[in-house]
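Below is one structure, written out as structure tokens, with a few remarks after it.
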Amino acid sequence: MSVRVRFAPSPTGFLHIGGVRTALFNWLFAKREGGVFILRIEDTDKERSEKRFEDDILKNFEWFGISSDEPIWRQSERIDVYKKYLLQLLNKGKAYYCFCKEDELESEYQAQMSQGIAPKYSGRCRSISREDGELRAKTERAVIRIKMPEQLIQFTDSVRGKVSFDTKLFGDIIIAKGLEEPLYNFAVVVDDHETKITHVIRGEEHLPNTPKQIVIQNALGFPSVQYGHLPLILDTSKKKLSKRFLQDSLNQYRADGYLPSAILNFLVLLGWHPENDREILTVEEMKKEFSLKRVQKAGAVYNTEKLDWLNAMHIRMVPLPDLVEQVLPFVPEIWKVDTTKLTRVVEFTRERMKKLSDFPLEAKPFFEIASYDVKLLMWKDFPLSDSKKHLLEILTLIKSGGDSSVKIMEYANKEGKGNVLWPLRVAFSGLQNSPGPLELLSVFGPIEAEKRIIDAIQKIS
RNA sequence: GGUCCCAUAGUCUAACGGUUAGGACAUCGCCCUUUCACGGCGGAGAUAGGGGUCCGAUUCCCCUUGGGACUACCA
């Protein structure tokens, strides 16, 4: 049987990094196994689900290059199907209507909790007959509960191995707020079955839901699926990272010019590691090498220092013309006029960038000179007059034509590299730190060079 | 409180029961170098504690400790 997996976000908020990682692991697993990856929108919660959130999720997936192999599945469009299965459970006596009031239940739970017992539903409405239940449900507000069999649920998790839960602690859980309003645990089971999902790969926070879903699965007579629970992504104090933080960071990364491939590379390493020691991976390599067996059990602290490094590495892997394209959103309009020049500048600055938004800063000296203090032209303890002398000499070298950079290097080797090249670099960039003077010269040419050198000389005198 | 899960450096991680416990990020130092970045070389830094099993435990078992998730008529 071929592998079928899904990623099932609920559109109650913007897509966050944790979701991207879960989706990535599912997607990679499917690709590796030659299977199918499905995107399912879990919008059964009408109050909180919003279209704009769904749009955001889809838009981001496109950016990452992760796509659903089949049409997107929306729970809100499947209400009839859930209803069918709900009825089936009701008819078989495996589920029943419950008319208990929420606030009464609440105080019951409180009482149980204060006695140190796990709070659970008493099963009071179990005794209501099918007919009575249905009748009352027409006029009275009712929820549907599943009869929880008392048993030990055991399953083998792909990443955790054998896991077991005692259903005695659960009680009869609510699976729907009525025939038209299925709840998460129930809808998941139905959807996974309807879409023939073979492997459920999701975050560890879902581990306690698994036995409940297995019970529902059994009641419905569905075959079981293989579960795999991914380690949580934690903050520096080892707590599960907040959705809010994860959402903001994804938006921030996009705005800062992190490459999707670098983010994916960073995320895949959060809980997984290839067989060798290689860590810089392209998406294609991830697809080839991913395996559930090598997924970590312990939670991973989210530390983005490595993301910066990975992003720098990925920036270097992008072919130059593509990189120019990608850097464009960060380039001031006036710099876009000369694309040949822009390309050369990108070439000289790509290794200096950690993220694409670094480009304007790194590229600035190629286009314009910063205002600077005359003292900056001084090399170490040598007098400013030395700098002036060297700049004057370079000026004549440039004016004499030919390959001026060769001549400048010859001169620099004779006079001392720092003596010559430092003031020249400052004259060209006006900066404490910048690319080398010859690189700058090769991009903006002799005319601009002469102008900047003359300005520097005038500053000195 | 209850149930469940987890435990190698600051962080991400590697190690069919036998390794000087490996790699990467970060950090520090040196080199390269006109500066910064890049690059190269090197340093410091870890198996939570205690019991077993075994000729031999990072690895298997138990306990302790610590951390976390879940505990909705949300997903």
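None of the values given here were measured: they were computed from a predicted structure. Residue numbering restarts at 1 for every chain, and letters A, B, ... go by the order of the sequence lines.
Nearest to the side chain of A:H273, among B:C5, B:U13, B:C6, sits B:U13. Relative to the side chain of A:W422, the nucleotides B:C38, B:U35, B:G68 differ in distance, and B:U35 lies closest. Nearest to the side chain of A:R316, among B:U11, B:U35, B:G39, sits B:G39. Checking B:U11, B:C12, B:U71 against the side-chain heavy atoms of A:P119 singles out B:U71 as nearest.
To the nearest 0.5 Å, the span separating CZ on A:R48 from OG on A:S10 amounts to 6.5 Å.
Taking the P atoms as reference points, B:C16 lies 10 Å from B:C60, given to the whole Å.
Among the heavy atoms of the strands, none lies under 4.0 Å from A:G203. Residue A:F165 is in sugar-phosphate contact alone, with no base atom involved, counting any heavy-atom pair closer than 4.0 Å across all strands shown. Nucleic acid contact for A:E351: sugar-phosphate only, since backbone atoms but no base atoms lie under 4.0 Å from a heavy atom of the residue.
In terms of phosphate contacts, A:K240 brings a side-chain nitrogen or oxygen within less than 4.0 Å of OP1 or OP2 of B:C70. When the side-chain nitrogen and oxygen atoms of A:K238 are compared with OP1 and OP2 of B:A69, none of them lie within a distance under 4.0 Å. The side chain of A:Q296 places an N or O atom within less than 4.0 Å of a non-bridging phosphate oxygen (OP1 or OP2) of B:A14. Side-chain nitrogen and oxygen atoms of A:R294 include at least one within less than 4.0 Å of the OP1 or OP2 phosphate oxygen of B:A15. Proximity of A:S10 to the phosphate of B:C74: no side-chain N or O atom is located under 4.0 Å from OP1 or OP2.
Environment of CZ in A:R244: sparse, with no more than 12 heavy atoms of neighbouring residues, nucleotides or ligands closer than 6.0 Å.
For the contact set between residues 204-219 of chain A and RNA chain B, defined by any heavy atom under 4.0 Å, the members are A:E204, A:E205, A:H206, A:L207, A:P208, A:N209.
The distance between atom CG of A:N311 and atom P of B:A26, rounded to the nearest whole Å, is 13 Å.
Base pairing analysis places B:A14 opposite nothing; no Watson-Crick or G-U wobble pair with both distances below 3.5 Å involves it.
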